[in-house]
Amino acid sequence: FRRVLFRSRRHLQHDVQARGFVRRERQRPIDPSCEPRVLDSDVIGPFDGEPDHGEVPAGIGHGGAGGIGTRGGEDINMKFFARVAGFYDSNGTVAALDSNGKLQQDSPSRTGEEVSFGAYGTHQWRRSVLGLEYSGSYRRTNGQNAFSGTNHSLNLGYSRQISKKWVLDFRQMASSTDSATRAINVTGGVLADAQTSLAFQPTSVLFDNRYTSAQTSFDANYVLSSRTILTMGGDGFISHYQNSNLVGARGYSLRGTVERRVSKYTSLGAGYTHTHYDFKRIFGESDIDSLYVSVGHRFDANWVLSAQLGAYRAEVQGLRTVAINPLVTALTGIFGTTTQTFYSKTIQPSGTVTLTRTLRHGSVSLGYARTVRPGNGVQLTSRSESGGLTYAYSPIRHLNLTGTAGYNSLSSVGLDFGRYRIINYGASASYAITQTLAVEANYINRDQQIDLGGFHRRGYSATVGISYNPNNVPISVF
């Protein structure tokens, strides 16, 4: 096992399906972001003796060190960074009422200073690999101490091959943020919350209130044959809001998947997932069973499609407010509303689709996801639809540009609560002025709306600063 350097279950699938685990010199990858490491040649033989001209994207992927701590798809040693910046936040969303008992529609804009720090990178052993992404910051808000504080984001992955057939993946995610707008900035992608995390739903955070979440994932992968891989695993998560009027969630997810490479550029798979949510500070729980098929296909050297399509059955229990029966009012003199329990069962389609294009000096990614989520502290178990576009471009050597736009909506399952919708877009730029110093600018716009109640809020955040990065590798801004 001298070359047991795999990146994660996702890249293990690339090895199984695309490279055939053939021991040979590493060729220049067609897509650096998908280039896998090579496992031992005794594990699996070649795929029909075909030469390696590219990899097949994985349709199903979970856990492990996959992609964590890498830059441009390439592994780097552990590094650290620091950043000093000034910021401006307009029209935040505060969980507070005005003198008329209505939700505050406007809140003061905020300015201040921010110090950021973090570490990222990978470390490799003979049969395992560790990936780390951590970022933290301290914000001092001028004249508004309530909005001063720290924010943290951790993504830690570890993968180990324990035998020729078995690979174990572990991943730990945790975050703590006090700003709904900045929650989008932390995630690293418009569909990141739909694809990787049950606990951290950044595009669904409604208020500028301290929100803390954690999720632990584990997967066991079994290489059944030269074209087939089986996976069994699960997640446990918890989320908490500092404001006692917002409802946090906790739960778990269990899954099993099978994936088979059917040609040099195509893989097919199927999976089942059972998810359970229950909620703090209020009665309610949900059980969701999902079945899906997956496909991954590389069209050419630049275009990659990955998709999961299926359906879920959601059983939801909770509380709802109803009008008192007129007959009861006539008999008792009690009128108005009361609270009662409810049970709802629904079957809906679900899926995720991602299309990625690799360019000469950048990349572009389109995505769509439809699934069930534990809500945003106000709406509980909800149908979630999200879509987004990310474009990264480096026109010259020292300049990196990124643009992103996304849409997300939540609709409560079992309750007529209206639809919560958010549109966000932003851009960032980084220019290296020396080998280790760079000037950075970042802008995010956020538009929130709830159909019922007339809630509508627009706000944006802008940051300008200077960063220190000792190995001259771009720091992820989105």
Practice task
Tell me, with the steps shown, if T358 and N302 meet side-chain hydrogen bond (donor to acceptor under 3.5 Å, both in side chains).
Solution key: CA-CA 5 Å; T358 302; N302 299 315; 5.3 Å; no
Practice task
State whether the side chain of E133 and the backbone N or O of G69 hold a donor-acceptor pair below 3.5 Å, judged by distance alone.
Solution key: yes
Practice task
Give the C-alpha distance, both sets of side-chain angles, the deciding distance and a yes or no for side-chain hydrogen bond (donor to acceptor under 3.5 Å, both in side chains) between S175 and S213.
Solution key: CA-CA 5 Å; S175 66; S213 65; 2.9 Å; yes
Handout entry: Min side-chain heavy-atom separation H274-S253 under 4.5 Å
Key = no
Handout entry: Minimum heavy-atom distance A249-K280, with the two atoms named
Key = O-CE, 4.4 Å
Practice task
Please assess T356 against W303 for the test side-chain contact (heavy atoms from CB on, under 4.5 Å), listing each intermediate value before the final yes or no.
Solution key: CA-CA 6 Å; T356 302; W303 287 98; over 6 Å; no
Fill in the blank from the handout: Of all heavy-atom pairs linking T275 and Y277, the shortest is CG2-CE2, 3.5 Å
Handout entry: Validation row, ring centre Y443 to ring centre Y460 under 6.0 Å
Key = yes
Handout entry: Q172 side-chain N/O to Q215 backbone N/O, donor-acceptor pair under 3.5 Å
Key = yes
Handout entry: Rounded distance [0.5 Å steps], CZ in R83 versus OG1 in T463
Key = 8.5 Å
Exercise for the section: Determine, using ring centers only, whether Y292 and Y312 are less than 6.0 Å apart. Expected result: no
Exercise for the section: Start with the C-alpha gap between H276 and D278, add the side-chain angles, then the distance that decides, and say whether side-chain contact (heavy atoms from CB on, under 4.5 Å) holds. Expected result: CA-CA 7 Å; H276 175 81; D278 63 73; 3.6 Å; yes
Practice task
Kindly determine whether R357 and S363 satisfy side-chain hydrogen bond (donor to acceptor under 3.5 Å, both in side chains), including the steps that lead there.
Solution key: CA-CA 6 Å; R357 162 81 172 176; S363 64; over 6 Å; no
Practice task
For G157 and I68, work out which heavy atoms get closest and say how close.
Solution key: N-CD1, 3.7 Å
Handout entry: Atom pair CZ (F80) and OH (Y120), whose distance is rounded to the nearest 0.5 Å
Key = 9.5 Å
Problem - Pairwise side-chain contact, N469 with T436, heavy-atom cut-off 4.5 Å (strictly under) - result: no
Practice task
For residues L437 and Y468, determine if any side-chain heavy atom of one lies less than 4.5 Å from a side-chain heavy atom of the other.
Solution key: yes
Practice task
Tell me, with the steps shown, if F87 and T141 meet side-chain contact (heavy atoms from CB on, under 4.5 Å).
Solution key: CA-CA 9 Å; F87 69 87; T141 304; 3.8 Å; yes
Practice task
Could you check whether the rings of Y393 and Y391 sit parallel, tilted or perpendicular, using 30° and 60° as the cut-offs?
Solution key: parallel
Exercise for the section: Starting at CG of D219, measure out to CZ of R171 and round the result to the nearest 0.5 Å. Expected result: 9.5 Å
Exercise for the section: Could you check if a side-chain atom of L246 sits within less than 4.5 angstrom of a side-chain atom of H240, using non-hydrogen atoms only? Expected result: no
Practice task
Run the ring-centre check on F218 versus F170 and record whether the distance is less than 6.0 Å.
Solution key: no
Exercise for the section: Ignoring hydrogens and angles, state whether a donor on the side chain of S409 or E385 is under 3.5 Å from an acceptor on the partner side chain. Expected result: no
Exercise for the section: Could you go through the side-chain contact (heavy atoms from CB on, under 4.5 Å) check for L132 and M78 one step at a time? Expected result: CA-CA 8 Å; L132 171 67; M78 291 291 178; 3.8 Å; yes
Exercise for the section: Would you tell me whether R313 and Q348 have side-chain atoms, one donor and one acceptor, within less than 3.5 Å of each other? Expected result: no
Problem - CZ on R140 to CG on N142, rounded to 0.5 Å - result: 5.0 Å
Handout entry: Pairing of R139 and D89 as salt bridge, 4.0 angstrom limit
Key = yes
Problem - Rounded distance (nearest 0.5 Å) linking atom OH of Y241 with atom CZ of R281 - result: 10.5 Å
Practice task
Would you check if there is a donor-acceptor pair between the side chains of N221 and D169 at a distance under 3.5 Å?
Solution key: yes
Exercise for the section: Could you tell me whether the side chains of S430 and N400 share a donor-acceptor contact shorter than 3.5 Å? Expected result: no
Handout entry: S137 side chain to S116 side chain, donor-acceptor N/O pair below 3.5 angstrom
Key = no
Exercise for the section: Side-chain contact test, heavy atoms from C-beta onward, threshold under 4.5 Å: evaluate it for K79 versus F81 and give yes or no. Expected result: no
Exercise for the section: Can you measure from CG (L410) to OG (S382) and round to the nearest 0.5 angstrom? Expected result: 5.0 Å
Practice task
Report yes if some heavy atom in the side chain of Y431 is under 4.5 Å from a heavy atom in the side chain of I396; otherwise report no.
Solution key: yes
Practice task
Start with the C-alpha distance between S294 and Q308, add both sets of side-chain angles, then the distance that settles side-chain hydrogen bond (donor to acceptor under 3.5 Å, both in side chains), and finish with yes or no.
Solution key: CA-CA 4 Å; S294 68; Q308 290 182 10; 5.8 Å; no
Fill in the blank from the handout: Tightest non-hydrogen contact, residues S394 and L399, listed as OG-O, 2.8 Å
Problem - Any T354 side-chain heavy atom under 4.5 Å of S365 side chain - result: yes
Handout entry: Closest heavy-atom pair and its distance - P374, F279
Key = O-CE2, 3.4 Å
Handout entry: Y134 side chain near H152 side chain, heavy-atom distance below 4.5 Å
Key = yes
Exercise for the section: Establish, from distance only, whether the side-chain atoms of R250 and S239 form a donor-acceptor pair under 3.5 Å. Expected result: no
Problem - Heavy-atom closest contact (N442 atom, A427 atom, distance) - result: OD1-O, 3.3 Å
Exercise for the section: Could you check T231, T273, D235 and say which one makes a side-chain hydrogen bond (donor to acceptor under 3.5 Å, both in side chains) with R255? Expected result: D235
